[in-house]
Amino acid sequence: MDLKVNSIAFQGKKEVLYALTKAAQKSKDFEYYNQPAIASRIPTDRLHAAQNAAICAYLDMALRDSEFKSVVVKAKDKDLSYIKQLLAPEMTEHSLVEPMKKFSKTLNETVNGNYGGKARETMTAFIHELLQKLKL
C-alpha cells in the first residue's frame with residue numbers, strides 16, 4: 001500500500017484564528033442545543049459536557065499560542081468577521097440563541113483556570129481587547 005501524507009502544519013495567526021473559530025462554532029452549538037424546546041427532547045448532559053470540553057480545548061489552544069497577543073492586537077475586522085457572524089445572536093423558532101455569552105464565559109474561565117498572578121492580568125487585558133473587537 002502506498003500512503004502519502006501531506007503535513008499541514010500551521011501556527012501563529014492561522015492557528016489562533018482557527019482555534020477561535022472552532023470555539024465560536026462549538027459555543028453556537030452549545031447554545032442551540034441548550035434551548036428548552038430542544039433540550040427537553042434529547043438527553044443533553046453528555047452532549048453539553050463534550051461541547052464544553054471542546055470549547056475549552058480550542059480556547060486553550062488559542063491562548064497558549066505564542067502569537068495570541070500579537071494576533072489580538074493586529075486583528076482586523078476582515079479576520080474576525082466569520083467569528084463575529086458565528087457569535088451573533090440568532091432568533092430560532094423556539095428562542096433567542098446567544099453564543100457570545102457562552103464564548104466569553106468560557107474564555108474567562110479558561111484564563112482564570114490556567115494562569116495566575118501577572119500572567120493572568122496580562123491575558124485578561126488581551127481577552128478584554130479581543131471581546132471588544134468581537135462585540136456585536
Side-chain angles (χ1 to χ4, degrees):
M1 179 166 74
D2 191 20
L3 180 67
K4 292 182 182 181
V5 177
N6 294 333
S7 73
I8 300 174
F10 58 91
Q11 47 190 307
K13 181 180 178 179
K14 287 183 179 181
E15 182 179 6
V16 171
L17 291 176
Y18 171 80
L20 291 175
T21 302
K22 293 300 279 185
Q25 287 174 338
K26 295 294 182 182
S27 297
K28 186 172 185 170
D29 292 345
F30 184 92
E31 287 297 319
Y32 178 78
Y33 288 110
N34 202 26
Q35 295 179 89
I38 294 173
S40 64
R41 293 185 206 151
I42 57 173
T44 57
D45 294 342
R46 289 185 182 169
L47 178 64
H48 284 195
Q51 288 173 334
N52 198 36
I55 296 168
C56 290
Y58 283 121
L59 290 176
D60 192 46
M61 178 178 150
L63 293 172
R64 291 189 184 276
D65 194 288
S66 60
E67 294 292 316
F68 176 75
K69 296 172 186 174
S70 67
V71 169
V72 170
V73 172
K74 296 176 185 177
K76 298 179 180 124
D77 284 339
K78 179 183 79 165
D79 298 330
L80 301 175
S81 64
Y82 185 63
I83 299 170
K84 282 183 180 182
Q85 181 183 351
L86 287 171
L87 295 175
E90 181 182 334
M91 189 64 187
T92 64
E93 181 182 350
H94 307 290
S95 65
L96 181 67
V97 175
E98 296 177 285
M100 186 65 170
K101 287 182 180 180
K102 179 64 179 170
F103 183 82
S104 60
K105 178 183 174 195
T106 309
L107 189 56
N108 288 322
E109 289 173 355
T110 304
V111 169
N112 291 334
N114 293 335
Y115 297 93
K118 188 71 173 165
R120 181 183 297 164
E121 292 175 18
T122 305
M123 289 304 287
T124 303
F126 285 106
I127 295 301
H128 182 68
E129 185 176 345
L130 175 66
L131 291 176
Q132 287 301 318
K133 288 184 177 187
L134 292 174
K135 211 51 140 183
L136 305 169

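Being a predicted model, the structure only gives us computed values, none of them experimental. All values below come from the heavy atoms of this structure, side chains included, with hydrogens, waters and symmetry mates left out. For reference, positions follow the sequence shown, starting with 1.
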Can you find a pair of side-chain heavy atoms, one from E90 and one from K28, that are under 4.5 Å apart?
-> yes
Hey, what do you get for NZ (K14) to CD (E67), rounding to the nearest 0.5 Å?
-> 13.0 Å
What distance do L130 atom CG and M123 atom CE have between them, rounded to the nearest 0.5 Å?
-> 9.5 Å
Report, as yes or no, whether the 6.0 Å neighbourhood of atom CD on E93 holds more than 12 heavy atoms from other residues, nucleotides or ligands.
-> no
Could you walk me through whether N34 and K102 pass the side-chain contact (heavy atoms from CB on, under 4.5 Å) check?
-> CA-CA 11 Å; N34 202 26; K102 179 64 179 170; over 6 Å; no
Spatial distance of atom NZ (K22) from atom CG (L86) [nearest 0.5 Å] | 10.0 Å
Cationic N near anionic O, under 4.0 Å, D79 to K74 | no
Which distance, rounded to the nearest 0.5 Å, do you find between the CG of L80 and the CG of L87?
-> 10.0 Å
For S104 and K101 the tightest heavy-atom approach is OG-O, 3.3 Å
Would one find more than 12 heavy atoms of other residues, nucleotides or ligands at under 6.0 Å from atom NZ of K26?
-> no
Would a distance-only check, ignoring hydrogens and angles, find a side-chain to backbone donor-acceptor pair under 3.5 Å from K133 to V73?
-> yes
Heavy-atom pair of closest approach, residues A88 and P99 | O-CD, 3.8 Å
So CG of D65 and CG of D60: to nearest 0.5 Å the spacing works out to 11.0 Å
Straight-line distance of T124 OG1 to N108 CG, nearest 0.5 Å | 7.0 Å
Side chain T106, main chain F103, donor-acceptor under 3.5 Å | no
Kindly write out the residues that satisfy ring-ring contact (aromatic ring centres under 6.0 Å, His included) with F30, not counting sequence neighbours, or none if the list is empty.
-> H48
Residue pair T92 / V97: nearest heavy atoms and the distance that separates them = CG2-CG2, 3.7 Å
L20 vs L59 side-chain heavy atoms within contact, under 4.5 Å = yes
Which atom pair, heavy atoms only, marks the closest approach of A24 to I83?
-> CB-CG2, 4.1 Å
Please report the C-alpha distance between I127 and T110 in whole Å, then the side-chain angles of each, then the deciding distance to 0.1 Å, and finally whether the side-chain contact (heavy atoms from CB on, under 4.5 Å) criterion is met.
-> CA-CA 11 Å; I127 295 301; T110 304; over 6 Å; no
